[in-house]
Protein chains: 2
Amino acid sequence: MRTAEAICTKRGARLTDIRRRVLTSVWSSHAPIGAYDILAGLNADSGKIAPMAVYRALDFLMEHGLVHRLASLNAFIGCALADERHTAHFLICRACKSATEMDGAAVTRAVKKTLTAHGFIPEIEIIEIQGLCAHCSDQDVRRP
Amino acid sequence: MRTAEAICTKRGARLTDIRRRVLTSVWSSHAPIGAYDILAGLNADSGKIAPMAVYRALDFLMEHGLVHRLASLNAFIGCALADERHTAHFLICRACKSATEMDGAAVTRAVKKTLTAHGFIPEIEIIEIQGLCAHCSDQDVRRP
DNA sequence: GGAGTTAATGTTATAACGTAACATACGTGG
DNA sequence: CCACGTATGTTACGTTATAACATTAACTCC
Ligand SMILES: [Zn+2]
Ligand SMILES: [Zn+2]
Ligand SMILES: [Zn+2]
Ligand SMILES: [Zn+2]
């Protein structure tokens, strides 16, 4: 959170009230959280924020790498490595709903290699592996 | 298309009329196509098919590997390698909207390696690389 | 400080994507 | 024919996301 402020001031970006509240909401959820759940959280206390406001805040936060979007879940999650430029790769546990950002260097290298074979110029890498995390696979968790 | 029939009969699955029409619709689009666009296509000629019918057909086709879903686009695309068991990795061009299924063996290997470090048991791999295809990157296509 | 400018938010409405629940039809084998 | 499992029809709703335009807040330059 302090990190977020630091990043924003460093870049001359404004971490306004609503953006801060959305970011807090994202971090306060242990699992990835949907935009409308964020919205509900914000409106629980006070008033009547519209979906647009949340989506705009999320766009801002994503631009600055403070939040990632999980395409396969339509959900958002905070990024702990926000000041480094990096592509996010996620391990998503279907049992405990956790989403862990993994070190994607090796994978990115493999992807790059395959891409050059195709002459493809990458801009956005969406890599989301769903399965069972180490903790849950020790439990009695069967396939759905 | 003949392949699809072959696969289905081999497995005792019924490639019914609506499923066949959805599959045809998917293949007749050069780019990934949304469920509601499929629906519109089907209803253009004749009648009044409901969204449910399309989604059910798509579920069937995905179960049998005839179609893949692109999570980042909320869209569907036909699979040319339907009878082999494989995880699909896609290269999605933002200019021409093409989505090419790439050989994911090397990438899968890299992913597996990283996963074991985390003790994570994978079940579904979603890998979608967005960027510019070889053809479009030769053109005058700038960043959006 | 006030006019001009840009950035951010408010507001309303609607588009786009997806599913629950229950009724009906259809095929297949006894 | 009849019972069973599978597929489809139908209605209604839930969820996710954006368009378009009005308003307010901040910043800048003189
Ligand atoms: Zn990150
Ligand atoms: Zn878990
Ligand atoms: Zn495929
Ligand atoms: Zn292209």
Side-chain angles (χ1 to χ4, degrees), chain A residues 4-5 8-9 11-26 29 31-43 46-64 66-77 97 126 128 144, chain B residues 4-5 8-9 11-26 29 31-64 66-77 97 126 128 144:
Chain A
E5 297 193 16
C8 287
T9 48
R11 301 187 195 172
R14 292 165 51 197
L15 188 58
T16 59
D17 178 60
I18 193 165
R19 289 167 179 172
R20 185 189 314 268
R21 288 168 70 195
V22 168
L23 183 55
T24 304
S25 181
V26 167
S29 167
I33 184 174
Y36 276 76
D37 291 333
I38 295 171
L39 181 63
L42 298 193
N43 281 340
S46 49
K48 39 174 193 343
I49 294 175
M52 269 310 306
V54 173
Y55 280 104
R56 284 196 281 229
L58 286 170
D59 285 345
F60 171 89
L61 295 170
M62 283 191 291
E63 260 175 40
H64 292 281
L66 297 167
V67 160
H68 296 292
R69 176 177 147 79
L70 295 169
S72 64
L73 302 179
N74 295 328
F76 303 84
I77 191 169
K97 312 301 181 194
I126 295 167
E128 300 174 15
Chain B
E5 297 192 16
C8 287
T9 47
R11 301 187 196 171
R14 293 166 53 197
L15 187 59
T16 60
D17 177 60
I18 194 166
R19 289 168 179 173
R20 185 188 315 266
R21 287 167 70 196
V22 168
L23 183 56
T24 304
S25 181
V26 167
S29 167
I33 184 173
Y36 276 74
D37 291 334
I38 295 171
L39 181 63
L42 298 192
N43 282 341
D45 323 319
S46 49
K48 39 173 192 345
I49 293 175
M52 268 311 305
V54 173
Y55 280 104
R56 284 197 280 230
L58 287 170
D59 285 345
F60 171 89
L61 295 170
M62 283 191 291
E63 261 175 40
H64 291 280
L66 297 167
V67 159
H68 296 292
R69 176 176 148 78
L70 296 169
S72 64
L73 302 180
N74 294 329
F76 302 85
I77 191 169
K97 312 301 180 192
I126 294 167
E128 300 174 15

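Remember, it's a predicted structure, so these values are computed and weren't measured experimentally. We name chains A, B, ... by the order of the sequence lines, and we start the count at 1 in each one.
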Without decimals, in angstroms, what is the distance between [X] [atom1] and [N] [atom2]?
{"X": "A:Glu63", "N": "C:dA7", "atom1": "CD", "atom2": "C1'", "result": "12 Å"}
{"X": "A:Ile49", "N": "C:dG10", "atom1": "CD1", "atom2": "P", "result": "7 Å"}
{"X": "A:Asn43", "N": "C:dT9", "atom1": "CG", "atom2": "P", "result": "15 Å"}
{"X": "A:His64", "N": "C:dA8", "atom1": "NE2", "atom2": "C1'", "result": "13 Å"}
{"X": "A:Leu58", "N": "C:dA8", "atom1": "CG", "atom2": "C1'", "result": "15 Å"}
{"X": "B:Leu70", "N": "C:dG18", "atom1": "CG", "atom2": "C1'", "result": "17 Å"}

With no hydrogens and no angle check, is any side-chain donor or acceptor of [X] less than 3.5 Å from a backbone partner on [Y]?
{"X": "B:Thr9", "Y": "B:Glu5", "value": "yes"}
{"X": "A:Arg19", "Y": "A:Phe60", "value": "no"}
{"X": "A:Glu128", "Y": "A:Ser72", "value": "yes"}
{"X": "B:Arg20", "Y": "B:Leu15", "value": "yes"}

I want to check one thing: is the phosphate of C:dC17, taken as OP1 and OP2, less than 4.0 Å away from some side-chain N or O of A:Asn74? no
Taking DNA chain C as the partner, which of residues 11-22 of chain A come within under 4.0 angstrom of it by heavy atom? A:Arg14, A:Thr16, A:Ile18, A:Arg19
One pair to check against side chain to side chain contact (heavy atoms under 4.5 Å, CB included): A:Ile77 and A:Ile33. What are the steps and the verdict? CA-CA 7 Å; A:Ile77 191 169; A:Ile33 184 174; over 6 Å; no
What is the first contacted nucleotide of DNA chain D and what is the last, in 5' to 3' order, if contact means an atom lying under 4.0 angstrom from a heavy atom of chain A? D:dT16 to D:dA26
Could you walk me through whether A:Ile18 and A:Arg56 pass side chain to side chain contact (heavy atoms under 4.5 Å, CB included), step by step? CA-CA 10 Å; A:Ile18 193 165; A:Arg56 284 196 281 229; over 6 Å; no
Go through it in stages, so that I can follow the logic: the residues are A:Met62 and A:His68, the test is side chain to side chain contact (heavy atoms under 4.5 Å, CB included), and I'd like the CA-CA distance, side-chain angles, deciding distance and then a yes or no. CA-CA 6 Å; A:Met62 283 191 291; A:His68 296 292; over 6 Å; no
Starting at the 5' end of DNA chain C, which residue's closest nucleotide do you reach first, A:Ala53 or B:Leu73? A:Ala53
If you assign A:Tyr36 and A:Phe60 each to the DNA chain C nucleotide with the nearest heavy atom, which residue ends up on the more 5' nucleotide?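 Comparing both residues, the 5'-ward one is A:Phe60.
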Using a 4.5 Å cut-off on heavy atoms from C-beta on, say whether the side chain of A:Tyr36 contacts that of A:Pro51.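 Sidechains of A:Tyr36 and A:Pro51: in contact.
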Examine the base of C:dG10 for any acceptor or donor lying under 3.5 Å from a partner atom in the side chain of A:Arg56, and report the outcome as yes or no.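 Yes, the side chain and the base share a sub-3.5 Å donor-acceptor pair.
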Would you sort out whether A:Cys8 and A:Leu66 count as a side chain to side chain contact (heavy atoms under 4.5 Å, CB included), showing the intermediate values? CA-CA 10 Å; A:Cys8 287; A:Leu66 297 167; 4.3 Å; yes
